There are 2 protein chains.
Amino acid sequence: MPPAKPSTAPGSPRAGGRVTLRDVARALGVSVATVSNAYNRPDQLSADLRQRVLQAARDLGYTGPDPLARSLRRGRTDVLGVVYGAPLEYAFADPAAALFLGSVTRAVQGQDLNVLLLASPHAAPCPSAAANHDPTGPVRGASVDGFIVYCTAEDSPLLRAVLERGLPTVLVDQECHEEAVNIGIDDAGGAQAAATHLLSLGHRHLGVLCLQLSEQRASGPVSPAREAQVSYRTSSQRLRGYRAATHAHPEVTLHPTEVIHNTPQAGEALTLDLLRSHPDITAVLCMSDVLAQGALRAAASLGLRVPEDLSVVGFDDLPGSESLNLTTVWQPTGDKGEQVGQAILTLLAGHPAPPVTLPTRLVVRGTTAPPAPQPQAARD
Amino acid sequence: MPPAKPSTAPGSPRAGGRVTLRDVARALGVSVATVSNAYNRPDQLSADLRQRVLQAARDLGYTGPDPLARSLRRGRTDVLGVVYGAPLEYAFADPAAALFLGSVTRAVQGQDLNVLLLASPHAAPCPSAAANHDPTGPVRGASVDGFIVYCTAEDSPLLRAVLERGLPTVLVDQECHEEAVNIGIDDAGGAQAAATHLLSLGHRHLGVLCLQLSEQRASGPVSPAREAQVSYRTSSQRLRGYRAATHAHPEVTLHPTEVIHNTPQAGEALTLDLLRSHPDITAVLCMSDVLAQGALRAAASLGLRVPEDLSVVGFDDLPGSESLNLTTVWQPTGDKGEQVGQAILTLLAGHPAPPVTLPTRLVVRGTTAPPAPQPQAARD
DNA sequence: CGATCACCCTGAAACGATTCAGAAGCCGCA
DNA sequence: TGCGGCTTCTGAATCGTTTCAGGGTGATCG
C-alpha cells in the first residue's frame, strides 16, 4: 500500500509544536545522532535502520532537519546576499541589471548557493516615515555567507552596513575598499572611446544623458557643483571618460543632464529638453542603451534623422541594441556576472580573490555619423 | 576622538573564532541577557549601560547579534521564499514576471521581510549531471517563513517540495491545493473574451501562440495529445478559454503552436511557421503580449498589414503594449503582486487567507479588425 | 517604618540541529 | 584466548541567541 498522507497526520495542521529530530529519535528509541546521520551520512548507519528512521519521520510528519538549526551548527547558510541599491522593481525593469543578476545567479546556483535579494526599499513618500525606518535593517540582519553589492552609491548606508558585517564581499562597479574585492569594467575608457568617436566625426556640441549621479535623485541639467560630487562610480567614471576625450578639444561643449530613472521615457524627455535648450547639439552621449533608445525616440518625434541630423551613442550593448543599429559601448555584462560569482565562491572557500577590471569596447553601428555640414547656420 | 576602526582590531581579519554576545558580556562583566537587551530592548537597561555595551561591542569588533541564532531562537527568519519555476534569467527577461515579482517584493518589503529567490536551476546539459543533482535541494533547505510559488507546472517537483515543507504558502496562478492559498486571475475568461472578439469580427481561422505547456519544453504545433496534458495552469486555462469561445462556431479552426521561450523572437518565428503552414489564418491569439509583439514583427516582415491583413491579440497588457496599440487582455499584474503579498502576510500572522481570483478584461485597440473580405480567394 | 512599586539587571532554559570521541558488539587472525 | 580493527550506534558538548521568571536596589506612599 502507498504510504498514508504524511503531513500532519493527527489533529489540525500546524497544531502544537513542530516535530523535531528528537521526536523521531524518541519514537524509534534511537539517539538523535542516529536520526541526524540518517539524513546527513547514510554510511554511518545500517541501511535497514536508516529506512526505519525515514519511515518514522514520515509517519510523524517530520519534514527533515530544520535548515536554520543546521545552518547555525554548521556555521554556513549557503545563501548569498545580493544587495541592490535601488528598489527591486528597477532591477527587474532595467535590462542590464536583469542580465547581470541573472548571470550571477546562474554562476552560484551550480554550487547550491541561493540568492537573497536585498534591495533598497522605496523611499518613503513622507520624510517622517523614512526617518523612523532604517533601510539597513535587512542587510544587518540577513543570514548570509557573503555579499554581492551592486548599484549602490559610494556613500550608501547600505554599502556601509554590508562592509560592517565583515563577511566575504564582492563589490560590483564600485570604488575599491580594502575589505572587499572589486569587480568592474573600464567605464572611463569606454566612455572616452565613445566621446572620441563623436569628436573625430566632427561633433563639437554634445549632449550627455547621465544615469543617476547620487542617492538623492534629481533630474535635469547637471551643474558643475553636482558634477563634482557624483557618488555612483559608474556615472562618475563615464562622465570622467567623456570629459577626458574633450581635453584635446577645448572648443567642445558638453551638456550633461541627469535622468531620474533609467528608462526610455526618461531618456526621451530629457533629450527633448536638451535639444530645446541647446539647439546646437549634434550628438548625444548616453550612459545606457536604454537611455539611448529614448534619445532615438525623441529624435523621431522631432523629425530628426539619425544619424544625419543627430548622432546617438549608448552604453552597455544590450542584446536588443544590435537590431536598433545603435552605436554603443559594449561591456561584458554576462561575463561580469560570471566573474562575480567566481570571486565570491573563491572568497567563501577561504582564498583571496583578485580584483578584476573587464574591458569595454566601442561598437560603431549606424546611429553615428558626421554632423550636418553647417550646424552653425541652424543656430537658434 | 572618533572611534577607532572597529572591524577586527587585533590580528588578521576573520582570524580565530568570531566574537559573540558572550564575549562582549564577559568583557564588561555583565550578563549576556543584558547585552542582548542592549540590542533588542533598549528600555530594559539604563541608557548609560547601554552605551557602554555598544561601545564595548565596537571595541571588540562585535557586529551585532548573529541573525541565524536569533532566527532560531525566535522561530522566525523574516525571509520569504519565492520559487520561480524556471531559470531566474527568464524571470528577469520576462516583463510580466519582472513586474509581478517587483510588486510582490514591494508589498512585503514594508514589513521587513526579505525575499529569497529560489529558481529552478538550468536543465543540465548532460542528463547524467541532471540526474545526480536534485533541483529541490534549495527549496527543502531554505530557511524561510513561507513560500510564494510562481510559474511552476502542476506536477513540478519544486511545487511538491514546497508543499511538503508545510509552511504558509501562496500559490500564484496555480491549481488549488488544500494546503495553500491560491491567487490567480481569470485566465479562461480573458482568453474566451479575446477569442470571442475575433470571432465576432468574422474571423474563422485562428492561430494560437501558446506559452510553455509542460515542463518538457517543446516547440511547434500542438497535437491534441499534448493539448490534453498541459501542466501549466496558465496555459491550460487560456487554451480552454479560446476553445470555449469556438464552441458556438463549429466551423472555426484553431491552430495552437507552442513556443519554447516567451520572447518576441520566438513569437515571430512561430507566427511565420503558422502562416506558412496555414495560409487561411486571419488572426493570431497570443498568450502573452511579448509573443504578440513577435507576431507583429512577423506580419511586418511578411508585408502583412495589421489589422487589415492580420489581426493580433495579446495577453497581459504590459505597460508598453498601449504604445504598440495592441488589442490585448488586461490583467492586474501589479495588483496581483500586492494581493499575494497581503495573503502571505496574513498567513504568517496566523490567520487564514481566502483564495482570490482577479478579473481580466479585454482591451480592444488597433491590432484587430474584420478579416479581409474574401479570405477564401487567397487560399494557397 | 514597613509595604509597594518601578527600575535594572541576571541565571538558566530553551531553539533544533551537528559532530566528536568513544562504547558495544562482532569478526578474523595469530 | 587475546587483540586489533571494523561497523554501528550513543552521550554530550556546542552553535549564538532570546526570553522568562525572578532578585536586588532605592524611592514613594500610607
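A quick note: this is a predicted structure, and the numbers were derived from the prediction, not measured. Residue numbering restarts at 1 for every chain, and letters A, B, ... go by the order of the sequence lines.
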**Request:** Give a yes or no on whether a salt bridge exists between A/D66 and A/R70, defined as a side-chain N under 4.0 angstrom from a carboxylate O.
**Result:** no

**Prompt:** Which angle, to the nearest 10 degrees, lies between the helix axes at the two ends of the helix from C/dC1-D/dG30 to C/dA30-D/dT1, each defined by five pairs?
**Reply:** 50°

Side chain to side chain contact (heavy atoms under 4.5 Å, CB included) partners for [X], two or more places apart:
{"X": "A/A38", "result": "A/L45, A/R50, A/V53, A/L54"}
{"X": "A/Q44", "result": "A/N37, A/R41"}
{"X": "A/D78", "result": "A/R76, A/L113, A/D145"}
{"X": "A/P355", "result": "none"}

Rounded to the Å, how far apart are [X] [atom1] and [N] [atom2]?
{"X": "A/R26", "N": "D/dG11", "atom1": "CZ", "atom2": "P", "answer": "13 Å"}
{"X": "A/R76", "N": "D/dG16", "atom1": "CZ", "atom2": "C1'", "answer": "18 Å"}
{"X": "A/Q44", "N": "D/dT10", "atom1": "CD", "atom2": "P", "answer": "13 Å"}

Using distance only, find each side-chain donor-acceptor pair of residues 342-354 of chain B under 3.5 Å and give its atom names and separation, not counting sequence neighbours.
unit_1	atom_1	unit_2	atom_2	d
B/T346	OG1	B/Q342	O	2.8

**Message:** Quick check against the 3.5 Å criterion: does B/Q174 have a side-chain atom that pairs as donor or acceptor with the backbone of B/T152?
**Reply:** yes

**Message:** Under a 3.5 Å cutoff, is there a donor and acceptor pairing between the side chains of A/R52 and A/Q55?
**Reply:** no

**Request:** Just call it for A/L72: base, sugar-phosphate, or nothing, with non-hydrogen atoms closer than 4.0 Å on any strand.
**Result:** base

**Prompt:** If you look at every strand shown and take non-hydrogen atoms under 4.0 Å, does B/L49 touch a base, only sugar-phosphate, or nothing?
**Reply:** sugar-phosphate

**Prompt:** Which nucleotide span of DNA chain C, 5' end to 3' end, has atoms closer than 4.0 Å to non-hydrogen atoms of chain A?
**Reply:** C/dG16 to C/dT19

**Request:** Could I get the full list of ring pair (Phe, Tyr, Trp, His ring centres under 6.0 Å) partners for A/F147, not counting sequence neighbours?
**Result:** none

What pairs of nitrogen or oxygen atoms, one from the protein and one from nucleotides 17-19 of chain D, lie under 3.5 Å apart?
unit_1	atom_1	unit_2	atom_2	d
D/dT17	OP1	B/Y62	OH	2.8
D/dT17	OP1	B/D66	N	3.2
D/dT17	OP2	B/L21	N	2.7
D/dT17	O5'	B/Y62	OH	3.4
D/dT17	O5'	B/D66	N	3.2
D/dT18	OP1	B/N40	ND2	2.8
D/dT18	OP1	B/R70	NE	3.4
D/dT18	OP1	B/R70	NH2	3.4
D/dT18	OP2	B/S36	OG	2.4
D/dT18	OP2	B/N40	ND2	3.0
D/dT18	O2	B/R73	NH1	2.4

**Pairwise distance CG(B/L167) to CZ(A/R18) - rounded to 0.5 angstrom** = 8.0 Å

**Asked** Is there a side-chain contact between A/F100 and A/Y84 (heavy atoms, below 4.5 Å)?
**Response** no

**Residues touching DNA chain C, which here means a heavy atom under 4.0 Å, drawn from residues 136-144 of chain A** = none

**Message:** For B/S31, give me all partners under side-chain hydrogen bond (donor to acceptor under 3.5 Å, both in side chains), at least two apart in sequence or on another chain.
**Reply:** B/T34

**Asked** For A/R140, which residues count as a side-chain hydrogen bond (donor to acceptor under 3.5 Å, both in side chains) partner, sequence neighbours excluded?
**Response** A/D134, A/T136

